[in-house]
Asker: 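I have a structure I would like to understand better, so I am pasting it below and will then ask my questions one at a time.
The shown structure was predicted, so the numbers you read here are calculated from the model rather than taken from an experiment.
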Amino acid sequence: MRDKTQTNSAAPGDRLIRAGGVVFLVGTVATVVTVTPLFLGSTPFPTYMFLLSMLMGVGFLIAGVGLMRSVAAGRRQARAASASASAASASSAAASR
């Protein structure tokens, strides 16, 4: 099975997982930048910076959707392999009769 899988092949959901990770990192940087002035006692950033911090959750959600797509594709592939294996064994059993 491993010899048939290409290392550079992208499974369904891989791009969503990567995009979710990037959006999550942008949200993390925005959160650190937004919270730092609160600890230093300087003037806080405007509201849009707090809204950018919400990108952490959005990125997590995007990555989760990508993970679910990847799991669903894997289950479909396993189901198809199981169905073809059972059909092959049924046809060989019928041929031996």
Asker: Roughly how far apart are Ile17 CD1 and Arg15 CZ, rounded to 0.5 Å?
Answerer: 12.5 Å
Asker: Looking only at non-hydrogen atoms, find the nearest pair between Phe50 and Thr34 and report the distance.
Answerer: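 For Phe50 and Thr34, the tightest heavy-atom pair comes out as CE2-CG2, 3.2 Å.
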Asker: Please answer: with hydrophobic residues joined when any side-chain heavy atoms are less than 4.5 Å apart, are Met49 and Val35 in the same cluster?
Answerer: no
Asker: Can a donor-acceptor pair be found, under 3.5 Å and without considering hydrogens, that links the side chain of Thr31 to the backbone of Gly27?
Answerer: yes
Asker: Supply the atom-to-atom distance Leu16 CG to Met68 CE, rounded to the nearest 0.5 angstrom.
Answerer: 12.5 Å
Asker: Could you give the distance from CG (Leu55) to CG (Leu25), rounded to the nearest 0.5 Å?
Answerer: 11.0 Å
Asker: State yes or no: do Phe24 and Met54 share one hydrophobic cluster built from I, L, V, M, F, W and Y residues joined by side-chain heavy-atom distances below 4.5 Å, directly or via other members?
Answerer: no
Asker: OH/Tyr48 to OG/Ser53 distance, rounded to the nearest 0.5 angstrom?
Answerer: 11.5 Å
Asker: Is there a path from Leu51 to Val22 through hydrophobic residues (I, L, V, M, F, W, Y) whose side chains come within less than 4.5 Å of each other?
Answerer: no
Asker: Should Met56 and Phe45 be counted in the same cluster of Ile, Leu, Val, Met, Phe, Trp and Tyr side chains packed under 4.5 Å apart?
Answerer: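 No, it is not one cluster - the side chains of Met56 and Phe45 are not joined through contacts under 4.5 Å.
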Asker: Where the side chain of Thr36 meets the backbone of Val32, is there a donor-acceptor pair that is under 3.5 Å apart?
Answerer: yes
Asker: Hydrophobic clusters here meaning ILVMFWY residues chained together by side-chain heavy-atom distances under 4.5 Å, can you tell me if Leu61 and Leu52 are in one?
Answerer: no
Asker: How far does CG of Leu67 sit from CZ of Phe60, to the nearest 0.5 angstrom?
Answerer: 9.5 Å
